[in-house]
Number of protein chains: 2
Amino acid sequence: MTDYIEVLKKNDLKATIQRTGILKSIDNAGHINIDDIYEDVKENYPTLSLATIYKNIILMVKHGVIVEVPINGEKSKYELKKDDHIHLICKSCGEIEDKEITKEKKQILAVENFKLDTAQINLYGLCKKCQSLI
Amino acid sequence: MTDYIEVLKKNDLKATIQRTGILKSIDNAGHINIDDIYEDVKENYPTLSLATIYKNIILMVKHGVIVEVPINGEKSKYELKKDDHIHLICKSCGEIEDKEITKEKKQILAVENFKLDTAQINLYGLCKKCQSLI
DNA sequence: CTTCATGCAAATAATTTGCAGTAAG
DNA sequence: CTTACTGCAAATTATTTGCATGAAG
């Protein structure tokens with residue numbers, strides 16, 4: 001269980017109850033879009049507004065607390081910041097699974113004349129469960 | 001120079017002047033978002049409407065003529081459909097460069113229990129030009 | 001205390017839709 | 001011919017902004 005208050009302060013952000021609530025929601029879901037965060041957080045903080053979520057998502061991305069995960073044909077989802085990893089995105093059920101990138105894999109992606117900051121690797125296909133349903 | 005009429009027909013789409021215009025614009029830019037397509041195409045077809053672009057982008061993505069390239073914190077760009085490749089996205093100037101994925105690299109990305117369809121690899125960092133400006 | 005965050009309502013931007021008139025095959 | 005496409009205007013949805021009040025450090 002992550003200490004969201006710590007994470008926020010470490011990244012120069014005040015720890016408000018709205019922010020920890022949003023982080024808890026993201027952490028819980030793994031990957032989640034703004035509307036779903038709103039639905040989720042509202043349960044515990046009914047007065048929390050969508051505008052507050054927008055403002056905070058932008059802010060927390062800027063401060064490196066969370067990361068945007070753009071998905072083809074959908075609204076972006078967000079996840080807690082962690083080491084680069086691969087997203088396995090199921091085109092059938094929409095489930096997103098994280099997969100570690102080994103050092104060797106990352107090395108292989110290295111490109112000359114380009115100073116790499118973040119690698120975003122999304123593999124679209126069919127997860128095990130959905131394959132078996134065909 | 002690609003024959004856009006051919007491409008469209010091959011993918012079961014009528015070849016209208018608006019569609020070939022959009023494809024030409026995308027091909028020309030490499031990677032371009034909807035607003036910029038609009039600005040570009042309007043020069044030659046001033047009556048072409050933004051609604052038509054939206055409708056056709058959605059349609060051409062569905063038919064596999066073009067591909068969405070989501071970019072963190074921006075509106076998605078679009079490119080002509082081609083073999084999977086890597087995008088080098090410069091965080092400074094915004095330039096996107098395509099880089100081939102060798103078979104070995106693609107093999108390395110293979111994951112058990114996941115039937116891969118499309119690989120989307122975006123590397124965010126600094127291009128050569130922008131590195132030298134620091 | 002002091003500064004920054006929240007919530008609301010209102011503004012703006014982005015995308016979608018319906019429909020009458022056109023064009024492609 | 002027949003079916004599907006376009007352009008327009010209107011509707012909807014998504015996102016941003018300003019400001020008075022309230023909470024964090």
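Remember, it's a predicted structure, so these values are computed and weren't measured experimentally. A note on names: the letters A, B, ... follow the listed sequences, proteins ahead of strands, and every chain is numbered from 1.
Counted by atom type alone, B:Ser76 and B:Glu68 present one or more donor-acceptor pairs between their side chains at under 3.5 Å.
B:Asn56 places its CG atom 8 Å from the P atom of D:dC5, with the value rounded to the nearest Å. Computed from coordinates, the A:Glu74 CD to C:dT16 P distance equals 13 Å when rounded to whole Å. Whole-Å rounding puts the B:Ile53 CD1 to C:dT16 C1' distance at 15 Å. When rounded to the nearest whole Å, the span between NZ of A:Lys42 and P of C:dC8 equals 11 Å. Computed from coordinates, the B:Asp12 CG to C:dG25 C1' distance equals 14 Å when rounded to whole Å. Rounded to an integer number of Å, the gap from B:Leu8 CG to D:dA4 P is 16 Å. Per the geometry, CG belonging to B:Asp36 stands 15 Å off C1' belonging to C:dA14, to the nearest Å. Summarising the geometry, the separation between CD1 on B:Ile37 and P on C:dT15 is reported as 12 Å, rounded to the nearest angstrom.
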Nucleotide by nucleotide, 5' to 3', does protein get under 4.0 Å of the base (B), only the sugar-phosphate (S), or neither (-) in nucleotides 15-25 of chain D, counting heavy atoms? SBBB-----BS
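Contact check for A:Lys9 versus A:Ile5: side-chain heavy atoms found under the 4.5 Å cut-off. Between A:Ile37 and A:Ile57, some side-chain heavy-atom pair lies under the 4.5 Å cut-off.
Listed pair B:Gln18 / D:dG7 meets the phosphate criterion, a side-chain N or O lying under 4.0 Å from OP1 or OP2. For the OP1/OP2 pair of D:dA14 and a distance below 4.0 Å, the side-chain nitrogens and oxygens of A:Asn33 include no atom meeting the criterion. Considering only side-chain N and O atoms, B:Thr47 lies under 4.0 angstrom from the phosphate OP1 or OP2 of D:dG7.
Nearest nucleotide to the side chain of A:Thr52, out of C:dG7, D:dC5, D:dG7: C:dG7.
Only one option out of B:Leu8, B:Ile53, B:Val7 pairs with B:Arg19 in a side-chain contact (heavy atoms from CB on, under 4.5 Å); it is B:Leu8.
In this structure, the side chain of B:His63 engages the main chain of B:Asn11 through a donor-acceptor pair within 3.5 Å.
Dense packing is recorded around CD of A:Glu74, with more than 12 heavy atoms of other residues, nucleotides or ligands lying under 6.0 Å away.
The distance from the CD1 atom of A:Ile96 to the CD atom of A:Glu79 is 8.0 Å, given to the nearest 0.5 Å.
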